[in-house]
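The block underneath contains the structure these notes are about, expressed in structure tokens.
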Amino acid sequence: MLKKLCLLNGTSGDEDCVRDFIIREIQDYCEWHVDALGSVIAYKKGRKTPLKKVMLSAHMDEVGFIITHITEDGYLKFAPVGGIDPRAVIDRVIKIREIKGVIGAKAVHLLSDDEKKTAPDFSKLYIDIGAESREDAEKYVLPGDFAYFDSDYAEFGNGFIKSKALDDRIGCMLMMELIQSDLEYDTYFCFNVQEEVGLRGAVCTSFQVQSDISIVLEATTAADLCGVSGGERCCVLGNGPVVSFMDGRTVYDKQLYQLAFETAEKNGIAIQTKTAVAGGNDAGAIQTSGKGSRVMAVSLPCRYIHSGASVVKKRDIEETRKLLNAFLAELYD
């Protein structure tokens with residue numbers, strides 16, 4: 001399921017393929033509808049109706065690129081959709097529908113000493129699709145077309161997974177699994193669009209659902225790399241799901257935060273927190289939408305996030321499944 005989700009292309013504003021796939025997988029297990037912005041809101045009937053309305057949320061979109069201009073020589077100028085480090089894209093193969101290209105920059109041999117010391121910004125990069133002129137390129141590509149990392153899905157090492165779009169197709173997969181299971185209590189699920197460009201889908205879905213408690217399923221930045229130690233590692237692959245106390249958009253509900261760790265300890269589930277106040281996710285929109293909602297984020301630690309080769313560990317996915325099932329049982333009791 002995760003491989004199928006990750007290999008679909010769906011950046012912010014172009015999530016159709018991802019949405020269609022999710023609907024096909026959940027339509028027989030729940031009530032659902034698509035809102036005006038394109039998010040999917042699903043309602044799964046459980047054996048009981050809870051006193052508090054609970055919503056789980058994940059986003060469908062991924063980071064990518066959008067074509068802005070075609071030069072006279074047939075090169076494509078582009079802008080990032082979402083937060084992408086330009087250092088992560090040079091020489092990467094990309095795909096625009098069925099057309100492949102390479103993101104190019106000035107060769108290292110031609111760089112000045114000052115240019116060698118700094119990363120180029122996106123205005124200095126281009127996509128080469130092998131066109132001979134603007135007219136030739138326009139046969140295949142036009143401004144406004146989206147481009148994606150052309151990345152495969154691979155398992156390697158001791159239980160590691162490499163792919164594009166792990167942020168946040170992992171969250172989508174976990175919600176789909178819950179919808180396809182038997183739930184004790186009625187629960188809402190929101191598959192949001194346009195998270196990567198400002199949490200836009202979550203603003204709309206959370207206003208419609210008006211949940212009392214919201215759990216955001218995400219991927220979050222791990223820096224467990226050579227030479228990085230202590231709190232600067234943020235979180236570590238293999239140490240279980242990440243439950244945050246605060247990030248750049250949200251101060252999380254303290255009682256939910258504590259309950260997550262108590263539940264993990266009681267059930268022998270690996271868990272960790274994020275030792276940095278950085279980034280943000282849909283909780284930032286959900287928390288203050290409508291009457292407001294208590295929020296918690298459960299994230300998979302992810303190396304090289306927002307690139308064509310993000311990396312997660314299978315053990316963390318398994319531990320997150322355990323935590324969600326155990327936490328939901330505690331939450332409703």
Say you draw a straight line from CG of Leu323 to CD1 of Ile271; how long is it, rounded to the nearest 0.5 Å?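 One gets 5.0 Å once the value is rounded to the nearest 0.5 Å.
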Both conditions, 6.0 Å and 45 degrees, for the charged tip of Lys53 above the ring of Tyr188: are they met here?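 Yes, Lys53 sits over the ring of Tyr188.
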I'd like to know whether [atom1] of [X] has more than 12 heavy-atom contacts from other residues, nucleotides or ligands below 6.0 angstrom.
X	atom1	value
Lys45	NZ	yes
Gln210	CD	yes
Asp182	CG	no
Arg47	CZ	yes

Do [Y] and [X] meet the salt-bridge criterion of a basic N to acidic O distance under 4.0 Å?
X	Y	value
Lys314	Glu155	yes
Lys322	Glu319	yes
Lys48	Asp186	no
Lys291	Asp212	yes
Asp247	Lys274	no

Hey, does the side chain of [X] reach the backbone of [Y] with a donor-acceptor pair shorter than 3.5 angstrom?
X	Y	result
Arg169	Leu5	yes
Gln287	Val251	yes
Asp167	Ile305	no
Lys162	Asp152	yes
Arg294	Ile213	no
Arg315	Gly238	yes
Asp145	Val141	no

So, for Ser310 and Cys302, which heavy atoms are closest and what is the spacing to 0.1 Å?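 Residues Ser310 and Cys302, closest heavy atoms: CB-SG, 3.6 Å.
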To check you understand the geometry: which heavy-atom pair defines the closest contact between Gly280 and Arg249, and what is its length?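 Smallest heavy-atom distance, with atoms named: CA-CG, 4.1 Å.
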Distance alone, cut at 3.5 Å: any donor-acceptor contact between the side chains of [X] and [Y]?
X	Y	answer
Ser214	Ser293	yes
Ser206	Ser289	yes
Asp73	Thr71	no
Asp35	Gln208	yes
Ser57	Asn192	yes
His59	Glu218	yes

Could you walk me through whether Phe65 and Phe149 pass the ring-ring contact (aromatic ring centres under 6.0 Å, His included) check? CA-CA 9 Å; Phe65 314 96; Phe149 290 111; 5.2 Å; yes
What pairs with Phe122 under ring-ring contact (aromatic ring centres under 6.0 Å, His included), at least two apart in sequence or on another chain?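 Scan of Phe122 (ring-ring contact (aromatic ring centres under 6.0 Å, His included), adjacent residues dropped) gives Phe78.
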Mind jotting down which residue pairs meet the side chain to side chain donor-acceptor pair (under 3.5 Å) criterion with at least one end in residues 5-22? Sequence neighbours excluded, please.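 Output for this query lists Asn9-Lys164, Ser12-Asp61, Asp14-Tyr148, Asp16-Arg19.
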